[in-house]
**Student:** 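Got a structure for you, written out below as structure tokens; questions coming shortly.
Please read all numbers here as calculations on a predicted model, not as lab measurements. Numbering of residues begins at 1 and proceeds along the displayed sequence. What's counted below: heavy atoms across the whole structure, side chains too, no hydrogens, waters or symmetry copies.
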Amino acid sequence: MASLDRVKVLVLGDSGVGKSSLVHLLCQNQVLGNPSWTVGCSVDVRVHDYKEGTPEEKTYYIELWDVGGSVGSVSSIKSTRAVFYNSVNGIILVHDLTNKKSSQNLYRWSLEALNKDSSPTGVIVSNGDYDREQFAENAVPLLLIGTKFDQIPENKRNDVLTRTAFLSEDYNAEEINLDCTNPRYLAAGTSNAVKLSRFFDKVIEKRYFTRDPSQMTGFTDRKRFNFKSLHYD
């Protein structure tokens with residue numbers, strides 16, 4: 001196969017949320033039988049057709065960088081991860097739909113990756129808000145993916161999806177909720193597959209076709225970030 005242009009997409013989230021299973025599903029279209037803890041970073045590649053079905057269609061490699069999910073405060077861990085955050089074109093934020101803490105920790109992951117701050121908790125400004133202007137030079141397309149959808153009790157599903165909707169809105173990112181052990185959630189033609197394709201198209205467009213930084217979306221769209229809108233209680 002001829003050499004293809006490529007983009008780099010980080011896959012971030014706490015340990016145990018299913019990042020490795022997700023990446024395997026995205027790249028191999030198969031369920032990962034024996035997932036293990038990721039140490040450092042693992043990289044897999046997905047082939048994606050940009051603007052599929054149009055005259056502009058072109059094939060690209062999507063590099064998915066599955067970064068180990070420890071959120072401990074040890075500075076050496078975070079400084080080691082910083083190596084993986086260079087030249088990022090997109091970020092997939094992964095959280096466990098049955099674990100609220102993993103959703104809340106996505107903000108720490110975002111700060112760490114986009115701000116490259118070894119102590120992201122120190123970036124919080126007063127009154128529980130974040131100054132989104134600090135991300136102006138690092139804005140990249142974001143996608144929010146919730147895993148273990150099948151494990152949410154039926155009577156709690158609406159509440160969980162309401163919380164993730166607020167999360168998606170605050171990140172100005174589309175959301176996908178799925179079960180990594182069931183490929184049908186990403187089957188061709190489903191809304192999830194459409195969202196995923198749209199995200200990868202956006203990543204490629206920002207990398208290869210956008211010249212005006214003011215057109216970048218993500219954290220730059222709104223200056224203030226209010227955690228209170230997430231309704232976690």
**Student:** Would Val7 end up clustered with Leu142 when hydrophobic side chains under 4.5 Å apart are linked, directly or stepwise?
**Tutor:** no

**Student:** Between Tyr107 and Tyr171, does the ring centroid distance fall short of 6.0 Å?
**Tutor:** yes

**Student:** Could you check whether Glu174 pairs with Lys195 (Lys NZ or Arg NE/NH1/NH2 to Asp/Glu carboxylate O, under 4.0 Å)?
**Tutor:** no

**Student:** Please tell me if the side chains of Asn99 and Val17 come closer than 4.5 Å, counting only heavy atoms from C-beta onward.
**Tutor:** no

**Student:** Would you say Val203 and Phe209 are hydrophobically clustered, going by side-chain heavy atoms of ILVMFWY under 4.5 Å?
**Tutor:** yes

**Student:** Following the transitive rule for hydrophobic clusters with a side-chain heavy-atom cut-off under 4.5 Å over Ile, Leu, Val, Met, Phe, Trp and Tyr, establish whether Tyr208 and Ile62 coincide in one cluster.
**Tutor:** yes

**Student:** Which distance, rounded to the nearest 0.5 Å, do you find between the OG of Ser21 and the CD of Gln30?
**Tutor:** 12.5 Å

**Student:** Donor-acceptor check, side chain of Thr162 to backbone of Asn158, threshold 3.5 angstrom: yes or no?
**Tutor:** yes

**Student:** Under 4.5 Å between any side-chain heavy atoms of Phe200 and Tyr50, yes or no?
**Tutor:** no

**Student:** At what distance, to the nearest 0.5 angstrom, does CD1 of Ile145 lie from CG of Asn177?
**Tutor:** 9.0 Å

**Student:** Does the side chain of Val94 come within less than 4.5 Å of Ile92's, by heavy atoms?
**Tutor:** yes

**Student:** Looking only at heavy atoms, which two atoms of Lys51 and Glu56 are closest? And how far apart?
**Tutor:** CD-CB, 3.9 Å

**Student:** Of all the heavy-atom pairs spanning Lys19 and Val11, show the shortest one and how long it is.
**Tutor:** CD-O, 3.6 Å

**Student:** If I compare all heavy atoms of Val67 with all of Phe84, which pair ends up nearest, and what's the gap?
**Tutor:** CG1-CD1, 4.1 Å

**Student:** What's the separation between atom NZ in Lys156 and atom CD in Gln151, rounded to the nearest 0.5 Å?
**Tutor:** 13.0 Å

**Student:** If I compare all heavy atoms of Ala193 with all of Ala188, which pair ends up nearest, and what's the gap?
**Tutor:** CB-CA, 4.3 Å

**Student:** Check the hydrophobic clustering (I, L, V, M, F, W, Y; side-chain heavy atoms under 4.5 Å; chains of links allowed) and say if Leu26 and Tyr60 are grouped together.
**Tutor:** yes

**Student:** Under 6.0 Å from the ring centre and within 45 degrees of the ring axis: does the NZ or CZ of Arg157 meet both conditions for the six-membered ring of Phe149?
**Tutor:** yes

**Student:** Taking Lys58 first and then Asp5, would you say they form a salt bridge - that is, a charged N and a carboxylate O separated by under 4.0 Å?
**Tutor:** yes

**Student:** Counting C-beta onward and ignoring hydrogens, is there a side-chain heavy-atom pair between Ile176 and Leu144 closer than 4.5 Å?
**Tutor:** no

**Student:** Considering all heavy atoms of both residues, which atom of Leu64 and which atom of Cys27 are nearest to each other, and what is their separation?
**Tutor:** CD1-SG, 3.5 Å

**Student:** Measuring only between side-chain heavy atoms, which start at C-beta, is Thr181 closer than 4.5 Å to Leu25?
**Tutor:** no

**Student:** Just checking, any donor-acceptor pair under 3.5 angstrom between side chains of His95 and Asn105?
**Tutor:** no

**Student:** State, with a plain yes or no, whether a side-chain heavy atom of Leu167 is found less than 4.5 Å away from one of Ser103.
**Tutor:** yes

**Student:** Nearest 0.5 angstrom please: Asn89 CG to Ile204 CD1, how far?
**Tutor:** 9.5 Å

**Student:** To the nearest 0.5 angstrom, please state how far the CG atom of Leu106 sits from the CG atom of Leu12.
**Tutor:** 8.5 Å

**Student:** Evaluate the side-chain proximity of Ile91 to Pro141: yes if any heavy-atom separation is below 4.5 Å, no if none is.
**Tutor:** no

**Student:** Any side-chain donor-acceptor pair under 3.5 Å between Gln28 and Asp44?
**Tutor:** yes

**Student:** With salt bridge (charged side-chain N to carboxylate O under 4.0 Å, His left out) as the criterion, how do Glu63 and Lys8 come out once you've worked through the C-alpha distance, each side chain's angles and the decisive distance to 0.1 Å?
**Tutor:** CA-CA 5 Å; Glu63 293 181 350; Lys8 175 181 178 179; over 6 Å; no

**Student:** Do Leu93 and Leu22 share a hydrophobic cluster (ILVMFWY, side-chain heavy atoms under 4.5 Å, transitive)?
**Tutor:** no

**Student:** Among Leu196, Leu4, Thr59, Asp201, exactly one meets side-chain contact (heavy atoms from CB on, under 4.5 Å) together with His48. Which residue is that?
**Tutor:** Asp201

**Student:** Check whether any side-chain heavy atom of Val23 sits under 4.5 Å from a side-chain heavy atom of Trp65, and report yes or no.
**Tutor:** no

**Student:** Would you say Asp66 and Ser20 are linked by a side-chain donor-acceptor pair, where the criterion is simply a distance under 3.5 Å?
**Tutor:** yes

**Student:** Begin from the C-alpha positions of Lys202 and Lys206 and carry the test side-chain contact (heavy atoms from CB on, under 4.5 Å) through to its verdict.
**Tutor:** CA-CA 6 Å; Lys202 187 176 182 180; Lys206 297 295 183 185; 4.2 Å; yes

**Student:** Thr190 and Tyr185: side-chain contact (heavy atoms from CB on, under 4.5 Å), yes or no, with the steps?
**Tutor:** CA-CA 7 Å; Thr190 62; Tyr185 281 95; over 6 Å; no

**Student:** If only side-chain N and O atoms count, and only distance matters, is there a donor-acceptor pair under 3.5 Å linking Asp96 with Thr98?
**Tutor:** yes

**Student:** What distance separates Asp14 CG from Arg108 CZ, expressed to the nearest 0.5 Å?
**Tutor:** 8.0 Å

